[in-house]
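Report on the structure given below.
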Amino acid sequence: MNERNIPPAVISRLPRYYRYIEELMSEGIERVSSSQLSEMMNVTASQIRQDLNHFGGFGQQGYGYNVRFLHDEICHILGLDKVHNMIIIGCGNLGRAIANYGNFKSRGFNIIGIFDINSELKGMEGLGAPVYMMDELDEFLKDNKVDIVVIAIPKHEAIKLVEPIVKAKVKAVWNFSHTDLPFPDNVTVENVHLSESLMVLSYRMGENDLDHSK
Ligand code: NAI
């Protein structure tokens with residue numbers, strides 16, 4: 001459980017709040033009401049008030065929410081006020097796309113190395129972090145503080161990473177391989193499956209077609 005016992009459903013909505021609040025900050029807006037947020041985000045004002053009440057109810061009647069305060073609180077709860085060192089395993093299409101996405105760094109996710117087995121990729125430049133070979137991984141994990149390992153290799157290969165990651169006491173794994181890996185509870189794992197999101201989209205398209213055919 002997190003430090004303030006915020007329900008997981010609220011936590012899962014925080015990145016979306018964060019995105020909108022960041023936009024307001026960049027536009028120099030200092031305060032926002034729950035009804036304004038409701039209109040922007042297409043969520044009811046009462047849901048917004050309930051969600052934001054979990055952080056101490058700092059909205060004020062007639063004033064709304066202080067945008068910077070909201071931003072800093074959500075940032076803190078999501079751990080975005082810290083720097084997290086990440087490495088990527090797999091320098092293929094997916095690994096490179098993640099390495100090339102500049103927004104991670106600005107949110108404190110610092111990619112310090114990319115690992116692959118393909119010797120042709122050793123020393124490859126232009127990805128913002130050096131490319132190393134897999135036989136350098138154990139040494140690298142000993143010499144560097146790695147907080148997050150991103151897994152971007154096929155599933156039958158990904159299983160081999162469990163042991164070195166656990167041994168190096170890495171705290172978290174962002175797993176893109178299409179399998180649930182047997183990490184112990186002290187390793188936080190977030191599995192990402194773009195195809196599952198696409199299946200949900202497909203289902204919702206079907207629902208929408210039914211609604212409009214009525
Ligand atoms: P890719 O074939 O372009 O790259 C895979 C890379 O992994 C290659 O550079 C290869 O040399 C390297 N590799 C293979 N075995 C390795 C090992 N044991 N250690 C280190 N490196 C190793 O494939 P792509 O498109 O980058 O996808 C990577 C994996 O991620 C695939 O298995 C794919 O199914 C999965 N994937 C998952 C997605 C998701 O939403 N969860 C989305 C896209 C891909």
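Counting starts at 1 for both ligands and their atoms, in listed order. These numbers were taken from a predicted model, which means no experiment stands behind them.
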- Judging by distance only, is a nitrogen or oxygen of E157 under 3.5 angstrom from one on ligand 1? yes
- Looking only at non-hydrogen atoms, the one of S177, S119, G92 nearest atom 1 (P) of ligand 1 is G92
- Does the ring center of W174 lie less than 6.0 Å from the ring center of F109? no
Which donor-acceptor pairs under 3.5 Å do the side chains of residues 118-128 make with protein atoms, sequence neighbours left out?
| from | atom 1 | to | atom 2 | distance (Å) |
| --- | --- | --- | --- | --- |
| N118 | OD1 | E120 | N | 2.9 |
| K122 | NZ | E136 | OE1 | 3.3 |

- Query: What part of H178, side chain, backbone, both or neither, has a heavy atom within less than 4.0 angstrom of ligand 1?
  - Reply: side chain
- Item | Which of the ligand 1 atoms, numbered from 1, are nearer than 4.0 Å to a heavy atom of M134 | 19 (N), 20 (C)
- Pull out every atom of ligand 1 sitting under 4.0 Å from any heavy atom of C91, numbered as shown with elements. 9 (O)
- Would you check the N or O atoms of N93, main chain and side chain alike, for any that come under 3.5 Å of an N or O of ligand 1? yes
- Backbone or side chain, does any N or O of L121 fall under 3.5 Å from an N or O of ligand 1? no
- Message: Suppose I only count heavy atoms of L194 and a 4.0 Å limit; which atoms of ligand 1 are within that range?
- Response: 39 (C), 40 (O)
- Just jot down the ligand 1 atoms closer than 4.0 angstrom to any heavy atom of V192, in number order. 39 (C), 40 (O), 41 (N)
- For atom 3 (O) of ligand 1, is some protein heavy-atom partner under 4.0 Å away? yes
- Message: Does only the side chain of P154 get under 4.0 Å from ligand 1, or the backbone, or both, or neither? Count heavy atoms.
- Response: both
- Task: Please report the closest heavy-atom contact between F140 and V146, naming both atoms and the distance.
- Result: CE2-CG2, 4.0 Å
- How would you list all residue pairs meeting side chain to side chain donor-acceptor pair (under 3.5 Å) that involve residues 22-34, not counting sequence neighbours? E22-R107, S33-S35, S33-Q36, S34-R49
